[in-house]
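Just so you know, these numbers come straight off a predicted model, no measurement behind them. Hydrogens, waters and symmetry mates are skipped; everything else that's a heavy atom, side chains included, is used. Lettering of chains follows the sequences in order, A, B, ..., and the numbering in each one begins at 1.
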Amino acid sequence: MTEWGPLAPILLLSFQQTIYLVVWTMLIAGVVGLGIGVLLHTTRRGGLLPNTPVFQLLNVLVNVVRPIPFIIFITAIGPLTLAVMGTTIGTRSVLFPMSAMASFVIGRVVEQNLVAVDPGVIEAARAMGASKPRIILTVLIPEALGALVLGYTFIFVAVVDMSAMAGYVGGGGLGNFAISYGYQQFNWPVTLVTVVIIIVIVQAAQLTGNRLARAALHR
Amino acid sequence: MPPAISFRQVSKEFRTDGKAVLLAVDSVDLDIEQGRIAGVIGYSGAGKSTLVRLVNGLETPTRGTVVVNGRNLNELTAKGMRELRGGVGMIFQQFNLFSSRTVAGNVAYPLKLAGWSRQRRAERVAELLDFVGIADKARRYPSQLSGGQKQRVGIARALATSPTILLADEATSALDPETTRDVLALLTKINRELGTTIVVITHEMEVVSSLCDEVAVMEAGRVIEHGPIYDVFAAPREAATRRLVQSTLHDRPRADTLRRLRGTFPGRIVTVGIRDRGATQEALAEKLVEHDVRATIIYGGIGELADQPFGSITYELTGADPAIDALVRELAELAPVEELDDGPASGDGSDTERAAASVSAPAGGGAR
């Protein structure tokens, strides 16, 4: 029988750490990624703000970063993490590599959703005399909102997955808990409980995302 | 009064793949006077859409100047251009409504851009939706509307800031015939009640004939003909115009129809252009008696163009040949008359050309 008494507070802390990492990463990378995605979409040739150098730079950056396995990415940008966060260990420090990776992933997802916005609607806004920044904020993003919400929901699951690797640098979280107290101590029920908690988090996020997307789609 | 829109030697080139140059608009000179409804017609790819997009700066000319409401677009700053666009409304074939906004939200958008207060916006939106006849749909989203309703929203949105010019890019092409009539009636009402200059791009000649005062015909980027609609339709100078007119009117028998008619009517077949209310037919009735010729109506139709009768009637004439010759000669002084070829027609194409050529002989020389 698993002795849950001493494990419960650790599990709760791990849960809080995961929530902390996922929420902050989604907030930071959500904004930065939106910016990257909007720039990727608008700086492309024929876009609203065509600028080939900016587009090429971002495009290459996204393509280089995205395929790197996250666990390797954490170590690879260690010096940068040290410079920015002042440390490379602990829950807070892993926020940097998580936000960086998630920003690039979100950037690509945002770009792909913006492509689906009808160019005719953008043209209509231009014909009415809207400025370019205004078109981005009041037409481009709102028109893609439903798809963007679904895209962000999809990313949320990927970020939960990423947070599991935070344990590698002492970041804590549910992933670390499952490995340290479950796998390494041959305690199968602990692993199972952790997995169930993660599934619940993901399901709750997916359900919320679907609801929000439906509200934003006006169909 | 200066023209609402004035093109001077305007050309627009598009570079495709950095190398090939497409000349979408070629050295166009065109004035559209204030308060008119002008049609721009032509086949796909003739440059119609590019031409009207030069009016509100959605495209910038490669050469030449466009002057709109007295302002030279080449000299406008980005801000100046945005201000000018407030005075030029535009509606689209695919409506281009914001799917994320309600009907009221769509109509309010240009008012927000113009800095109207919430209170004034609400009043103006209600007024506009009432004007276009969809006041009850204010809180719906575009996806819940029919095509005709969507275009009404598009029109209300385009009129929000009381523009003096309205550009309509194939505005009825996605609508069924009945809805098209409703939208055309609305555009006419806008022109009559608000004095808005309207530029209509279309490939549907019915739209031009029922809506426009004047028409510009485009082919391969050039405006090849421009004038009052009746003159251009009654006496087209260019082959492309003739083809466009013929494709609409169907008032003359085509080659295959003519061959069939021949089987039933062995007499001489003559087509008479109708440009007046009865005078030509009255004269014809008198001349038939005078020359002792009998006439049977075998084909034709008369419609209205710019509130004037327009069409033609094809007769089979039987009687003495010299008498028919004299009758045709005398009638030709009053109306465009053409004797349709007796011999077996060789092909449809040549016949279309022949039938079209006869239209270019107007009665009393159409003033242009």
**OP:** Salt-bridge test for A/Arg108 and A/Glu111: reply yes if a basic N is under 4.0 Å from a carboxylate O, no otherwise.
**Re:** yes
Subject >> Contact origin within B/Leu167 toward chain A - heavy atom pairs under 4.5 Å >> reply: neither
**OP:** Among A/Ala130, A/Gly146, A/Pro119, single out the residue with the greatest number of heavy-atom pairs under 4.5 Å to chain B.
**Re:** A/Ala130
**OP:** Between chain B and each of A/Ala125, A/Ala144, A/Gly129, count heavy-atom pairs under 4.5 Å; write down the option with the most.
**Re:** A/Gly129
**OP:** Heavy-atom distances under 4.5 Å only: say whether B/Lys112 touches chain A with side chain, backbone, both or neither.
**Re:** both
Original post:
At a heavy-atom separation under 4.5 Å, does B/Phe98 approach chain A through its side chain, its backbone, both, or neither?
Top reply: both
Original post:
Any chance CG of A/Leu61 has more than 12 other-residue heavy atoms, nucleotides or ligands included, within less than 6.0 Å?
Top reply: yes
Original post:
So which of B/Asn96, B/Leu84, B/Val88 has the largest heavy-atom pair count under 4.5 angstrom toward chain A?
Top reply: B/Asn96
Original post:
What do you reckon, is OH of A/Tyr20 surrounded by more than 12 foreign heavy atoms closer than 6.0 Å?
Top reply: yes
Original post:
For B/Tyr43, does its backbone N or O pair with a side-chain atom of B/Lys48 as donor and acceptor, under 3.5 Å?
Top reply: yes
**OP:** Answer yes if the side chains of A/Gln206 and A/Thr153 hold a donor-acceptor pair under 3.5 Å, and no otherwise.
**Re:** no
Subject >> Among A/Asp118, A/Val117, A/Thr138, residue most engaged with chain B (heavy-atom pairs, under 4.5 Å) >> reply: A/Thr138
Subject >> Side-chain H-bond candidate by donor/acceptor type, B/Arg124 with B/Ser162, under 3.5 Å >> reply: yes
